Amino acid sequence: MSRLLTLVGVAAFALGVVLVARPQAAPAPVVPITPVPSASSARAASASPSATPVAFPAIPDGYRVTIARLGIDLPIQEGDVERDAVEQRTPEGSAFHLPGTGIPGSGVNCYIYAHARTGMFLSLWNVRAGDDVIITRPDGVELHYIVSEVHPRVPYDDVSWAAPTTPEHLTLQTSTGPNPGDPRFVVIARPA
């Protein structure tokens with residue numbers, strides 16, 4: 001399990017560096033909806049104990065993420081750590097599932113990231129508690145999640161957000177600026 005967490009953590013850190021955009025304006029300050037005194041320790045404490053690592057599969061083709069109020073409607077593709085983090089060639093026009101995290105509906109954290117660009121996750125900066133996040137599966141079934149936490153300034157090196165924690169939730173992430181050390185914008189949505 002620790003090897004999986006290490007791989008997921010390295011991937012999340014590296015992806016944070018890649019998802020840097022040159023936004024036109026800084027995100028509006030947002031106060032976290034749910035205060036978390038020690039977010040990383042709370043997430044670590046809720047991780048499912050397991051004697052053997054859990055291998056989460058790649059997300060199948062045909063998934064979409066939609067937040068209607070924000071105009072977000074993107075296909076979700078499987079992320080590629082080599083392409084996205086090492087080579088820094090994350091494609092545009094899609095959101096990406098972080099390899100090693102859960103699939104929506106699997107009962108654990110599913111981590112989805114996209115560029116902070118118009119038509120992608122830039123409007124995520126305007127998210128509010130109670131916003132409806134819909135994940136549509138390839139079979140057309142919609143999974144509804146409600147935004148419960150907004151964390152507008154997560155340190156770039158805090159990789160705990162990608163841990164396969166329970167109960168099920170979505171972690172949506174984008175950048176806040178063009179520099180690798182700029183904070184990340186993280187949103188948590190729980191099943192409706």
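For the single chain, residues carry numbers from 1 onward in sequence order. Computed from a predicted structure; not experimentally measured. Keep in mind that the numbers below use all heavy atoms, side chains included, and drop hydrogens, waters and symmetry copies.
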Taking side chain to side chain contact (heavy atoms under 4.5 Å, CB included) as the test, write out the residues that go with Pro138, two or more places apart. Tyr63

Minimal non-hydrogen separation, Phe96 against Arg83, with atom names: CE2-NH2, 3.4 Å

Is any side-chain heavy atom of Pro91 less than 4.5 Å from a side-chain heavy atom of Asp84? yes

What are the two closest heavy atoms between Ser160 and Asp158, and how far apart are they? OG-OD1, 2.6 Å

Nearest-0.5 Å distance that lies between atom CG in Asp80 and atom CD in Glu87: 7.5 Å

Just how far is it from atom CZ of Arg153 to atom CZ of Arg184, taken to the nearest 0.5 Å? 11.0 Å

What's the spacing between Ser94 OG and Arg64 CZ if we round to 0.5 Å? 8.5 Å

Please find the pair of heavy atoms, one from Trp125 and one from Ala116, that lie closest to each other, and give the distance. CZ2-CB, 4.1 Å

Let me confirm one number: the CD-OG1 distance from Gln77 to Thr90, rounded to the nearest 0.5 Å. 11.0 Å

What one should report as the nearest heavy-atom pair of Glu92 and Arg117 is OE2-NH1, 3.1 Å

Thr66 side-chain N/O to Asp73 backbone N/O, donor-acceptor pair under 3.5 Å: no

Test item: Asp61 and Pro75 side chains (from C-beta on) under 4.5 Å apart, heavy atoms: no

For a quick test of reading the model, state the closest non-hydrogen atom pair linking Ile112 to Ala95 and the distance between them. CG2-CB, 3.7 Å

Evaluate Leu172 against Phe185 for side-chain contact (heavy atoms from CB on, under 4.5 Å), listing each step before the verdict. CA-CA 8 Å; Leu172 306 175; Phe185 192 96; over 6 Å; no

Nearest 0.5 Å please: distance from the CD1 atom of Ile67 over to the CD1 atom of Ile135. 8.0 Å

Sidechain-backbone polar pair: Arg69 side chain, Asn126 backbone, donor-acceptor under 3.5 Å: yes

Could you tell me the separation between the OG1 atom of Thr174 and the CD1 atom of Ile72, rounded to the nearest 0.5 Å? 8.5 Å

Using the rule that two of Ile, Leu, Val, Met, Phe, Trp, Tyr join whenever any of their side-chain heavy atoms come within less than 4.5 Å, decide whether Leu70 and Leu122 are in one cluster. yes

State, yes or no, whether a side-chain contact exists between Trp161 and Asn109 at a heavy-atom distance under 4.5 Å. no

Leu170 and Val65, any side-chain heavy atoms less than 4.5 Å apart: no

If we only count heavy atoms from C-beta on, is the Asp182 to Ser175 side-chain gap below 4.5 Å? no

Below 4.5 Å, heavy atoms only, C-beta onward: do His169 and Glu149 meet side chain to side chain? no

So do Thr171 and Thr101 actually touch side chain to side chain, heavy atoms under 4.5 Å? no

Compare all side-chain heavy atoms of Phe56 with those of His97 and state whether any distance is below 4.5 angstrom. no

Counting distance only, does the side-chain N/O of Gln173 pair as donor-acceptor with the main-chain N or O of Val186 below 3.5 Å? no

Would a single hydrophobic cluster contain both Val187 and Leu143, if residues Ile, Leu, Val, Met, Phe, Trp and Tyr are joined by side-chain heavy-atom contacts under 4.5 Å? yes

Compare every heavy atom of Pro57 with every heavy atom of Ile103, then report the nearest pair and how far apart it is. CD1-O, 3.4 Å

